Amino acid sequence: MSIFYQGKLLRFKFNSKKALHATNCKLTISSKLEEIATKDTDGTVVIPSNYSISGSTEVLMAKLPEGDTTHITTDDLLDMQLAGTEIPMEFTTGETGDFIYTFNAYIDNFDIGAQTGESVKVSISFKGNGNLTKETVSA
């Protein structure tokens with residue numbers, strides 16, 4: 001029987017802090033493929049090269065509850081973007097035995113908006129800088 005990861009638990013951490021009130025998240029790892037065609041091939045040969053990391057998260061804009069040291073606010077994330085800060089990041093459920101992907105990234109997009117009768121939503125996207133590390137969450 002398969003055991004599924006819980007989407008409710010999956011989230012990004014920025015500087016070891018969870019984004020406050022995240023509603024969704026997405027991590028993309030893309031491989032660069034060099035295409036080669038020669039006079040000795042009829043088709044194109046593909047050679048894998050480097051990879052890139054990108055991702056996004058959507059959060060509800062909220063004030064940090066007094067005494068909360070485990071979350072980061074959208075204001076903090078915007079400050080990091082404006083300062084051009086490289087951010088150590090994690091993508092994980094945080095559950096023992098589950099995966100944890102770590103990498104560094106820069107925030108490259110910060111969208112904020114709201115419709116009448118709804119909470120303010122902030123969409124944040126980023127680009128990885130360097131390598132991705134895959135590990136398992138330990139107890």
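These numbers were taken from a predicted model, which means no experiment stands behind them.
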Quick check: is [Y] connected to [X] through a chain of hydrophobic side chains (ILVMFWY, heavy atoms under 4.5 Å apart)?
X: Ile112; Y: Ile107; result: yes
X: Tyr101; Y: Phe14; result: yes
X: Ile36; Y: Val46; result: no
X: Leu78; Y: Ile87; result: yes
X: Tyr106; Y: Leu27; result: no

Let me confirm one number: the [atom1]-[atom2] distance from [X] to [Y], rounded to the nearest 0.5 Å.
X: Lys13; Y: His71; atom1: NZ; atom2: NE2; result: 9.5 Å
X: Glu90; Y: Thr102; atom1: CD; atom2: OG1; result: 7.0 Å
X: Arg11; Y: Asn24; atom1: CZ; atom2: CG; result: 12.0 Å
X: Thr93; Y: Leu10; atom1: OG1; atom2: CG; result: 7.0 Å
X: Ser119; Y: His21; atom1: OG; atom2: NE2; result: 9.5 Å

Original post:
Ignoring hydrogens and geometry, is there a side-chain-to-backbone donor-acceptor pair from Thr92 to Gly94 under 3.5 Å?
Top reply: yes
Original post:
Got a donor-acceptor contact below 3.5 angstrom from the Thr41 side chain to the Thr44 backbone?
Top reply: no
Any non-hydrogen side-chain atom of [X] less than 4.5 Å from a side-chain atom of [Y]?
X: Asn109; Y: Asp111; result: yes
X: Met89; Y: Phe12; result: yes
X: Met80; Y: Ile72; result: yes
X: Lys121; Y: Leu60; result: yes
X: Ser31; Y: Pro48; result: no

Original post:
Where do Leu9 and Glu95 land on the side-chain contact (heavy atoms from CB on, under 4.5 Å) test, with the steps shown first?
Top reply: CA-CA 8 Å; Leu9 300 175; Glu95 297 290 306; 3.6 Å; yes
Original post:
Could you walk me through whether Asp75 and Met61 pass the side-chain contact (heavy atoms from CB on, under 4.5 Å) check?
Top reply: CA-CA 9 Å; Asp75 283 341; Met61 192 172 199; 3.7 Å; yes
Under 3.5 Å, sequence neighbours excluded: what are the donor-acceptor pairs made by side chains of residues 124-139?
from	atom 1	to	atom 2	distance (Å)
Ser125	OG	Asp108	OD1	2.9
Asn129	ND2	Glu86	OE2	2.6

Original post:
Is the number of heavy atoms from other residues, nucleotides or ligands within 6.0 Å of CD (Glu35) greater than 12?
Top reply: no
**OP:** Over all heavy atoms of both residues, which pair between Pro88 and Asn104 is shortest? Give the atoms and the distance, please.
**Re:** CA-OD1, 3.2 Å
Original post:
Does a donor on one side chain and an acceptor on the other come within less than 3.5 Å for Ser49 and Glu34?
Top reply: no
Original post:
Given Val59 and Thr23, is the side-chain contact (heavy atoms from CB on, under 4.5 Å) satisfied, shown in steps?
Top reply: CA-CA 5 Å; Val59 300; Thr23 58; over 6 Å; no
Original post:
side-chain contact (heavy atoms from CB on, under 4.5 Å) between Leu20 and Leu64: does it pass, once the steps are laid out?
Top reply: CA-CA 8 Å; Leu20 183 63; Leu64 193 64; 4.1 Å; yes
**OP:** Check step by step if side chain to side chain donor-acceptor pair (under 3.5 Å) holds for Asp68 and Thr70.
**Re:** CA-CA 6 Å; Asp68 186 335; Thr70 62; 3.2 Å; yes
Original post:
So, Phe103 versus Phe91, ring centres under 6.0 angstrom or not?
Top reply: no
